[in-house]
Amino acid sequence: MSPPINARQLRRLLSLVLAVALASTLTALVRPAPAAAAPGDLILNGTFDNGSTQPWWTRLASTSTTVNAGQLRVRTSATVGKPVWEDLVGHFEFGVTAAQSYRLQFDASADVNRSLRVSVSRADTPFTSAVDQSVALTSSMRRFTFDFASPFGDPKAVLLFHFGGQAASTVRLDNISLTPLAVNPATDPILYWNGILLATYKALDLPPTSSSREAAILHAAMHDAAVSVTGVGNPYRVRVPVSYPGTMDNVVAPSLHAAIDRAAYDVLTALYTRHGRSFTDALDGAVERRPSGVNDAEEARGDTVGAAAAAANLQARANDGSDNDRPYQLDGVPGSWRPTNGKAAVSPNWGLVTPFALTSGQQFRPGLPAGANGYDDLLGKDEYDTQVREIRDYGGRTSSLRTPEQTQIAFFWANDLGGTYKPPGQLFSHTRIVSEQRQLGILANARLFGLVALALADAAIAAWDAKYQTPIDLWRPVTAIEATEGTGWQPLSQTREGVPYTPAFPAYISGHATFAGAWSAVMKRFFGTDAIAFDATTDDPHAVDVVRHMTGFDHAAEENALSRIYLGVHYRFDAEAGLVTGRSVGAYVFANRLRQ
């Protein structure tokens, strides 16, 4: 490796480059104009069909460029023992966008076997590269292709072919192009790791409380990794410093994909190892999906950034109260929750968990159901009686009033059972559907999924605060109906085997509705409108292959909330208060976190 370049040498090099660029500009006034780039191509005159060498420039006077038979012929001088950047042919001043994917292609051959280094670099931090690869040239003209996601944005980037460090030779270049690539969900690391998360949900029968927390840590870490690499946007927890140490031969930008992959892998490993899960194969799969233009040094630096982002987000949640296992004490009076299906209370202390964005779990706490001041007051209200009768008539397993569509809606939004991706997973799945429909790129997905994840996590805390930390821990409909009418009534909700099933936590407020309200609030604000239609899917075993068309985010949220009535597990005021609370949570998260 060459010794580090000092400030004086760097200034001299930049002066030479600018002088050459100025000379090239003056020469262009008396030479034929370069051919226009193909649509989308950032490179002017990459085919050399007009016989001109413009706007290509050389650094050394001893290096000559001519166009012969529609190819750029570069005669290099002997620079053995000197750094590769000693002898350059380049194209100045085209713009690249941070996190945008590009494809660099060129044909090349040489009169002697030799290597050629090619890079797309930024101008303000000289020769820090978005792609930096070396290829072996022979006498046969061959096509070289490198895909990459730019780790930075620069309106004046440069494409450089490095010829230094070798004996004199003649190199031929042709069909040089640099084109933006269309969004490809299959190569988006945010979507990939969210898919790994949902598969983990399905493999582990965990409650939506802890699942939403884990998703928020994962997506916050991936977002912070992306922000750290690109410098675009505001981090949630940490902006990992990214410096560019090294000589002119070794100025390395971190790989965006590697940073996101490492952040995701480290978070998932830390959260799920205790459940017997390994993510080594998932990381291998992520590496296989990385662009071909990423080199080992860039991956190593990306790993460093991603690991730091993961560590910061994990550390921030180390003492957030999520491990509080204090047993739940039943109120033991009419109207109060008691176990259903023989299961103990799930996550009774979750309302006390430190939120991700809210000031506390009770920040948007709704009033008690039906405006009651206690259990006796609630059970004496006509509104309570009306709502119990509604569930009895529409949510029962043998209801004659519930329509076939309402039955479909009930199961479509359920996803309560083990082996499903649970309510947060369904909303992540719908987020992906809309993301792909709108063709979002990596940075947009990092922010969108980050906002959704933070909102869902805080929605869980807010909902569980209302369930357990208020004067009324409301009993479920099956218990209420049994208390007034005796045994026999069962909800539509059921296990895979058809056994009646009611989630094991108080009814007020609905977790599904709170999640849905938070999700819709974020989605509307992110896209600037509610009027985005999409085809929604489900993972519930009682709605296999069912697809429902949503006219907008509010439509989806409201249908989600109502589904719990048709399923027979929630009252109407559970759904309505859940929607209001969730929408407040989502609006607050969007206004205060991951700002652009």
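Values below: all heavy atoms of this structure, side chains included; hydrogens, waters and symmetry mates excluded. Fair warning: this is a prediction, and the values are worked out from it, not measured in the lab.
Ion pairing of Arg432 with Asp188 is absent here, as no side-chain N (NZ or NE/NH1/NH2) approaches a carboxylate O to less than 4.0 Å. Note on Lys524 versus Asp530: no salt bridge recorded, every NZ/NE/NH1/NH2 to OD/OE distance being 4.0 Å or above. Between Arg564 and Asp574 there is no salt bridge, since no side-chain nitrogen of the basic residue lies less than 4.0 Å from a carboxylate oxygen of the acidic one. A salt bridge links Arg548 to Glu405: at least one charged side-chain nitrogen sits closer than 4.0 Å to a carboxylate oxygen.
Using modelled atom types, no side-chain atom of Asp224 and backbone atom of Ala309 make a donor-acceptor pair closer than 3.5 Å. Checking side-chain atoms of Trp350 against main-chain N and O of Ala460 turns up no donor-acceptor pair under 3.5 Å. When atom types are taken as modelled, the side chain of Ser563 and the backbone of Asn560 share a donor-acceptor pair closer than 3.5 angstrom. Looking only at distances, no side-chain donor or acceptor of Arg237 sits under 3.5 Å from a matching main-chain atom of Pro235. Using a distance-only test at 3.5 Å, with no hydrogens or angles considered, a donor-acceptor pair links the side chain of His512 to the main chain of Trp413. Without hydrogens or angle criteria, Gln387 side chain to Arg572 main chain gives a donor-acceptor distance under 3.5 Å. Judged purely by atom type and a 3.5 angstrom limit, Glu214 has no side-chain atom pairing as donor or acceptor with the backbone of Val267. Side chain of Tyr421 to backbone of Leu197: no donor-acceptor contact under 3.5 angstrom is found.
At a cut-off of 3.5 Å, with distance as the only test, a side-chain donor of Tyr375 or Asp331 sits close to an acceptor on the other residue. No side-chain donor from either of Ser360 and Gln362 sits under 3.5 Å from a side-chain acceptor of the other. With no hydrogens or angles considered, a side-chain donor-acceptor pair links His570 and Arg476 at under 3.5 Å. Between Thr502 and Thr340, the side chains place no donor N or O within less than 3.5 Å of an acceptor N or O (distance only, hydrogens not considered). Side-chain contact annotation: Tyr328 with Asp473, donor-acceptor N/O pair under 3.5 Å present. A donor atom on one side chain and an acceptor atom on the other are found under 3.5 Å apart for Asn349 and Arg326.
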Could you walk me through whether Trp337 and Phe505 pass the ring-ring contact (aromatic ring centres under 6.0 Å, His included) check?
-> CA-CA 7 Å; Trp337 183 84; Phe505 33 80; 8.3 Å; no
So Asp261 and Arg290, side chain to side chain contact (heavy atoms under 4.5 Å, CB included) or not? Walk me through it.
-> CA-CA 10 Å; Asp261 290 343; Arg290 289 179 187 170; 2.9 Å; yes
Apply side chain to side chain contact (heavy atoms under 4.5 Å, CB included) to Tyr272 and Leu204, showing your working.
-> CA-CA 10 Å; Tyr272 289 109; Leu204 302 173; 3.7 Å; yes
With side chain to side chain contact (heavy atoms under 4.5 Å, CB included) as the test, would you mind laying out the steps for Leu474 and Tyr571 before giving the verdict?
-> CA-CA 10 Å; Leu474 185 61; Tyr571 312 95; 3.4 Å; yes
Stepwise salt bridge (Lys or Arg N to Asp or Glu O under 4.0 Å) check, Asp393 with Arg389 | CA-CA 6 Å; Asp393 295 342; Arg389 287 196 300 270; over 6 Å; no
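Using cut-offs of 30° and 60° on the angle between ring planes, the pair His430 and Phe412 is parallel. Ring orientation note: the planes of Phe428 and Phe449 are close to parallel, at an angle under 30° on the 30°/60° scale.
Atom OH of Tyr394 sits in a sparse spot, with 12 or fewer heavy atoms from other residues, nucleotides or ligands closer than 6.0 Å. For Glu485, the CD atom counts as densely surrounded, since its 6.0 Å shell holds more than 12 non-hydrogen atoms of other residues, nucleotides or ligands. The number of heavy atoms from other shown groups lying within 6.0 Å of CD (Gln315) does not exceed 12. Annotation for Lys343: atom NZ does not count as buried by contact number, only 12 or fewer foreign heavy atoms lying within 6.0 Å. The number of heavy atoms from other shown groups lying within 6.0 Å of CG (Asn319) does not exceed 12.
Residues Thr420 and Arg496 meet the side-chain proximity criterion, which asks for heavy atoms closer than 4.5 Å. With a 4.5 Å cut-off on side-chain heavy atoms, Leu271 and Leu218 do not count as touching. Side-chain contact between Asp539 and Leu198 is absent, with no heavy atoms from C-beta onward closer than 4.5 Å.
Taking the centre and axis of the six-membered ring of Phe356, the NZ or CZ atom of Arg213 falls outside the cone set by 45° and 6.0 Å.
With Pro477 as reference, Ile391 is the one residue of Leu567, Val388, Ile391 to meet the side-chain contact (heavy atoms from CB on, under 4.5 Å) rule.
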